[in-house]
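Taking it in order: structure first as structure tokens, then the write-up.
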Amino acid sequence: MNDFIEYLKQISEKWRKEWERAKLHEADVDESKPKFFITAAFPYPNSPAHLGHSRTYSITDAYARYKRMSGYNVLFPMGFHYTGTPVIAMTERLKQAFECLKKLGFEDKDFVEKVWQAKGSSTIKDGIRRVMEAEGKVDEECVEPLELLVLFAKVFELPIEDLRKITDPLAMANYFSSITEESMKQMGYMIDWRRKFTTVDPDFQKFITWQFLKLKELGYIERGTHPVAWDPVYNTPVSQHDTKGDVEPEIEDYDVILFKVGDLYLPAATLRAETVFGATNVWLNPDVEYEIVEVNGKKWVLSPKAAYKIKYQKDDVKSLGKISAKELIGKMALNPATGKEIPILPAKFVDPNVATGVVMSVPAHAPFDYVALMDLKQDPQFKDLVERIEIIPVIEVPGLEEPAAIKVVKEMGIKSQEEKEKLEQATKEVYSLEYRKGRMREDVIEKIAYGKETKAALKVLLAKKPVPDARELTAEWLKAFDMGDVFYEIKNGPVYSRFGNEVVVKVLKDQWFINYGDPEWKRLARKALAQMKIIPERFRKSFEDTIEWLQRRACARTRGLGTPLPWDKRWVIESLSDSTIYMAFYTVDHILRSNNVKAEQLEPEVWDYILLGKGDAKALSEKYGIPENVLKEARRSFDYWYPVDSRHSGMDLIRNHLTFFIFNHAAIFPEDKWPRQIVVNGFVTLEGKKMSKSLGNIIPITIAVKKYSPDVVRLTVLYSAEIGSNADVSTEIIERVINNLRSVKELVEMVKGFDVEKPESLPTLDAWLLSSFVRDVEEVTKAMDELKIREATNILYFVTLNRIREYLETLKASGRELDQSAKWVLRYIVERWVKMMMPFTPFFAEEMWHLLGKETFLINEPWPIAEKELLDPIAEASKRFVERVIEDIMEILKVAKIEKPKKVRIEVAPKESYEMLKMAVEYIEQGKGMREFMSEAVKTFGKSKAKELRETFQRALGLDEVTRQAILKGGLDEKKVLEEFKKYIEEKVGAPVEISEYSGGKKKPSAMKVAIYVE
RNA sequence: GCCGGGGUGCCCGAGCCUGGCCAAAGGGGGCGGGCUUAAGACCCGCUGGCGUAGGCCUGCGUGGGUUCAAAUCCCACCCCCGGCACCA
């Protein structure tokens, strides 16, 4: 096995050189051919590319190669995404790692080795902790940065000397992009590397500048106040690609309701403002030292965490000191909604880390509150207070007598607030029930302490209203008289930025946004999507939902590499915003660069000309000093290659990048330049497990290639799963792939010397093989058109291979040699078969092609055509028929317990039986039923045959399509076929076989169903 | 609750779009045999039940339906997974 892998690696290096020398992957404008522009999402060079990347790129490449062989002029380019936090955060962590080593006095290589040993089968972090403990140098802050160092050194096998050199972003990006580029070349991707660029190249930045000026001109850029997820240390907004674990931070707004106590306010945070009418008390966590903070001129009591968070959300926040919860508990607070005084009580379930750390208590509708109150009844200090509390139901649900919270708590048998899990489940139930079916009770309003006018107004607004409406109204009403406010919280928190800091919500005053919420823009995006092909189609809905869901999106950062915002250079355009139409850049950059066009010359007007065809080349040439022909060539190139015909990426990018891609194209380009197709693929898992940094089970492409060869890696990821689902790479599949490639090679070596004329006619066996192969060609082609790559590879590397093996075995068992016919058929098939392997295992296919004596580059050969005239349903049906006869004989032997048969006699049906069957098939093919068939057939064959006719029709119904075709074409001469395969049958059955016409025995054969006698 | 995916034999997993070569590909595991001093690798056979003649029965989440014929099409339901909504 190792020898074979060595062989595969060797041929891959050989052909890589040959291809590069021949500039085989460079694509230029060629008006004589239809073009196909295919792109895959470019990577962030913050680590070397791994198997997960290789899936997207291998799919893209296989498709590119298929299209090229199908007659298209195919352009497949690649670049590198240097922008933003992904790269910079990695350098920060690496820097920290080296500082940690120094601080803790570890020697780098020695440390890494020790960790790797200590790790065992657990996580890298555990390994680090073990080593730290063993050496008595524990520093939790250092665990994470050091994890990265170990990952790079051991999993990615990068020399530590190299790592020391790449602690600034540009150096790191350059280093990893060159490794990734090399691995892509090793994998044989058909990339036109002349067009490579990075997102910090000056000319690219000018292109992005143009794009943003366009967006601004169109009114899609806004400046405004908006809550954003924020790294409080690095002072920069964060989104999915800026967080650890790529979590999109979600912002949730709590309504804050101010309960007055003396000159202080308790800001209770709630998601259910409408229940304030049923608030019976306010909860504080008795163990927390609260802080008094001045917000908008009022003194709010907040948990320490909330006091910290609110500084990012409000102006003029002043800390005024501390107050322990105990000082407030027992006092009365004013419920602003009802005008009634309610007590402040202690509750441990109140989490000071969530929202304000102050909660209002609505026992009728919140299980936590209800249970906490019941608990308090046991407390002598609060017993009296609690017993005076009257539970006030605010919401009614049809069919429910009791308030929902109480009912659910009773049903679930919850006894104390310690039963957190149960309570959370109860809460879920109550809320979803009341949200969907609940309405505000009329009597709620009666109980409030305000005057007639207020009551009347509230009654009109709230009584009998559905919960969602009432919620909004209540919150608005409270805000209107300064008793309500908003507090933002990270909903899926805690979320950490890539720098390692806990993300907070910041209300940004002058942030720049792209407004994907613009209705006109949304309309264009919908239209663009509607015209686009989405593969697999079932993801279309996700795109539609994302288009609807997208709103304003912060598009600038204060940190990281990238293009400054053209009108406000303090900001850098963030990574998901500068990568939406960059495919256009590939169509022209090598032209501009090879003609020495400088970034300074690439002013917006120039881009207007190149990308939109606006303006006059001659005038622009004079103005900016770019030769006119260069401008024209760039314009022509863009116009030729654009739009993008197929865009490839992983499915995690649907909700951001891919949808932004649609939006931005729709905004900037005319309709005929909108993308044509998006192809989305799933992830790669290893032996059923997600690849993860912490486990260190990531396989970089470079290492996989070293271990298994490029073709094996490619075929494995391509074959593992169909495009839309996750692909599991396992040694099991890898081994099968290797074995099959080896078998293919053996066949090619056998066939390479076959050089014979096409024979006059083919034996049935050969005609069967040939015909089946033609069907394979047809199916593989169809599968590739639909990007069913698993299906295509399955047919080629497994089905076809097995059939050829079967053919050879049958040939041998029939006592035939590799005669002219066999040689011709095998040669015919193997040549085309090898061709079709080009998209999936290009190096291997190329080598096989040349083994066959060919001298052209296979990628320049046309994709095989399924030659329909070679289809032979009679041969296919005959082969099946023979197999069926053998099966039947074996079955008889088994059932009759005959171990060593002396002789097998087969009798075939008389002609008449065939005529009946043919007639039956004709009727079935015309969609006619048994009744029609019988009435006509009885006339032809006579009434005495009625029973046989009925049976024939039944049998015909069960026949497969190919056999039916064969019968319509005249059917098979069963006797002849059996004679032809006699030796083979004898070999299989282990006894001499005798074939004859029906001789009137007790078993009556019929068409396609022989009579068998075993002696 | 909404949207999407899924439930297949001891296990994994294809098939379902386009109904019939489907007792259901391919693996894995198990059993038996070959090769070998032996193990491993490799090769062959068996692996739902019954059956002394190629047959019958049961079967692809559950229950119905369409059809000459359903794993495949339609309806309803149950369960699992992902996303969203919702939830102190």
Side-chain angles (χ1 to χ4, degrees), chain A residues 1 250 252 254-255 268-272 275 283 347 349-351 354-362 365-369 372 423-437 467-468 471 489 491 536-542 544-546 548-549 651-652 654-655 682 688 719-722 724-726 728 730 732-733 735-736 739 786 788 790-791 794 798-799 802 876-877 879-881 883-898 924 928-931 933 950 953-964 1002-1003 1008-1014:
Chain A
M1 172 152 130
E250 291 172 61
E252 177 160 61
Y254 284 86
D255 286 312
T270 178
L271 294 164
R272 306 189 65 200
T275 61
W283 297 119
F349 75 84
V350 173
D351 185 345
V354 175
T356 58
V358 179
V359 177
M360 68 176 183
S361 164
V362 189
H365 302 289
F368 269 104
D369 298 341
L423 275 168
E424 258 153 42
Q425 200 195 326
T427 303
K428 237 178 183 165
E429 240 169 76
V430 171
Y431 289 179
S432 94
L433 182 71
E434 291 184 340
Y435 184 79
R436 277 180 291 123
K437 296 191 180 152
V467 164
R471 179 170 305 168
E489 185 59 282
K491 175 176 155 184
E537 181 60 33
R538 69 182 151 88
F539 286 125
R540 181 178 297 278
K541 186 91 174 88
S542 309
E544 286 167 356
D545 292 346
T546 306
E548 297 318 314
W549 167 83
M651 59 187 179
D652 53 325
I654 293 177
R655 286 179 66 75
Y719 171 74
S720 292
E722 214 53 275
S725 29
N726 296 341
D728 187 45
S730 61
E732 195 188 313
I733 294 187
E735 274 166 23
R736 280 168 70 196
N739 275 333
E786 295 167 15
K788 291 184 179 169
R790 195 200 116 90
E791 165 125 345
N794 187 42
F798 295 85
V799 176
N802 283 335
E876 290 186 60
K879 177 74 167 46
R880 272 175 211 176
F881 167 71
E883 294 300 336
R884 171 77 202 186
V885 170
I886 293 170
E887 260 172 52
D888 281 349
I889 295 170
M890 301 302 275
E891 176 90 3
I892 292 168
L893 294 180
K894 190 178 142 202
V895 176
K897 300 209 165 75
I898 303 170
I924 291 164
K928 291 180 187 163
M930 171 83 88
R931 189 175 307 244
F933 169 73
R950 187 193 316 277
F953 194 81
Q954 291 280 356
R955 199 144 29 80
L957 278 169
L959 294 174
D960 59 277
E961 195 48 44
V962 171
T963 306
R964 281 185 196 172
K1002 62 175 191 256
K1003 290 184 190 175
M1008 300 303 293
K1009 183 80 187 161
V1010 295
I1012 297 165
Y1013 299 89
V1014 180

Which part of the nucleic acid, if any, lies within contact of [X], taking any heavy atom under 4.0 Å across all strands shown: a base, the sugar-phosphate backbone alone, or nothing?
X	answer
A:F539	nothing
A:A372	nothing
A:V1014	base
A:D351	base
A:F953	nothing
A:R540	nothing
A:V1010	base
A:I1012	base

Which one, B:A14, B:G26, B:A53, comes nearest to the side chain of A:R736?
-> B:G26
When you measure from the side chain of A:W549, which nucleotide among B:A14, B:A85, B:G54 comes out closest?
-> B:A85
Using the [atom1] atom on both, measure [N] against [M] and round to a whole Å.
N	M	atom1	result
B:A24	B:C16	C1'	12 Å
B:U58	B:C22	C1'	15 Å
B:G54	B:A23	C1'	16 Å
B:G13	B:G65	C1'	30 Å
B:U72	B:C81	C1'	23 Å
B:A39	B:G33	P	12 Å

Given pairs defined as Watson-Crick or G-U wobble with both distances under 3.5 Å, what dot-bracket annotation applies to RNA chain B, with ( ) intrastrand, [ ] crossing, | other strand and . unpaired?
-> ((((((((.[[[..)....(.....]]]((((((.......))))))(((....)))...[[[[[..)....]]]]])))))))....
Are OP1 or OP2 of B:G55 and a side-chain N or O of A:K1009 less than 4.0 angstrom apart?
-> yes
Where does the angle between the aromatic ring planes of A:F798 and A:Y719 fall among parallel (under 30°), tilted (30 to 60°) and perpendicular (over 60°)?
-> parallel
